[in-house]
Amino acid sequence: MELKDAAHAVRENAYAPYSRFKVGAALRAADGTVFSGCNVENVAYPEGTCAEAGAIAAMVAAGATVITEAYVIADSPSPVPPCGGCRQKLAEFAAKDVPVTLATLDGTEFKTTVGDLLPGAFDAGHMDKS
Ligand code: THU
C-alpha cells in the first residue's frame, strides 16, 4: 500500500473535535509493512496525541521498530510540519536519511528527512560518559 493512501485514509478517522484539524500519518517499517495513525484529542487538551505518535505506537505494538519512510497529511494551507515532540519520536525509530513527506489535502508535498526535521538531535551517545 502507498503511504500517501494510508495517511489520507486514516486522517478521516482523526478525533479532533477541539482543533477541527485532522492529521493522518503513515510509516513504512523495514519489512515493508505500513502502519498508520491519526490525532486523537481529549477534552483535557494536553492529553491529546498526534497522528505520528499513533502510527509509531501501532508499529511498535506489531513488533517493528525501524521506520524506512514516513508521510504526514493534513488540511493545511502548506504541508504541515510535525511538532517538536513528534520529530523526536520519529528520530527514535528512523535513521537521519529516512525520507518524510509532508502533504496537504490539495496535493502539495514537501519532501524532507528525519535528520533535517531534527538537527542536533539528542541521542543515546549524549549519555556516554567515557
Ligand atoms: N497534530 C498532529 O497530529 N501532527 C502534527 O504533525 C501536527 C499537529 C495534531 C495535534 C492536534 O490534535 C492538532 O493537530 C492541532 O494541533
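One-based numbering along the sequence shown. In listed order, ligands and their atoms are each counted from 1.
Residue E52 approaches ligand 1 through these ligand atoms, each under 4.0 Å from one of its heavy atoms: 2 (C), 3 (O), 4 (N), 5 (C), 6 (O). Taking a cut-off of under 4.0 Å to the non-hydrogen atoms of S19, the atoms of ligand 1 that pass are 13 (C), 15 (C). Close contacts of ligand 1 with E41, meaning ligand atoms under 4.0 Å from a residue heavy atom, involve 11 (C), 12 (O), 13 (C). Near A51, meaning under 4.0 Å from any of its heavy atoms, are these atoms of ligand 1: 2 (C), 3 (O). Residue C50 approaches ligand 1 through these ligand atoms, each under 4.0 Å from one of its heavy atoms: 1 (N), 2 (C), 3 (O), 4 (N), 10 (C). Atom numbering of ligand 1 starts at 1 in the shown order; those under 4.0 Å from a heavy atom of V23 are 1 (N), 2 (C), 3 (O), 4 (N), 9 (C), 14 (O).
In this structure, atom 16 (O) of ligand 1 has its sub-4.0 angstrom surroundings free of protein heavy atoms.
At a 3.5 angstrom cut-off on N or O pairs, N39 counts as close to ligand 1.
Considering all non-hydrogen atoms of both residues, A6 and S36 come closest at O-CB, 4.2 Å. Of all the heavy atoms in F35 and A55, the pair that sits closest is CB-O, 3.9 Å.
Take D123 and apply the side-chain hydrogen bond (donor to acceptor under 3.5 Å, both in side chains) test, not counting sequence neighbours, and it matches H126. Legend: residues meeting side-chain hydrogen bond (donor to acceptor under 3.5 Å, both in side chains) with E69, ordered by chain and number and at least two apart, are R28.
The SG atom of C83 sits 6.5 Å away from the CD atom of E52 when rounded to the nearest 0.5 Å.
Side chains of V23 and V72 form a contact here, defined as non-hydrogen atoms less than 4.5 Å apart.
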- Should V34 and L3 be marked as a side-chain contact (heavy atoms from CB on, under 4.5 Å) after you check the CA-CA gap, both sets of side-chain angles, and the distance that decides it? CA-CA 7 Å; V34 172; L3 289 188; 3.7 Å; yes
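Of the protein's non-hydrogen atoms, the one nearest atom 14 (O) of ligand 1 is F21 CD2, 3.4 Å.
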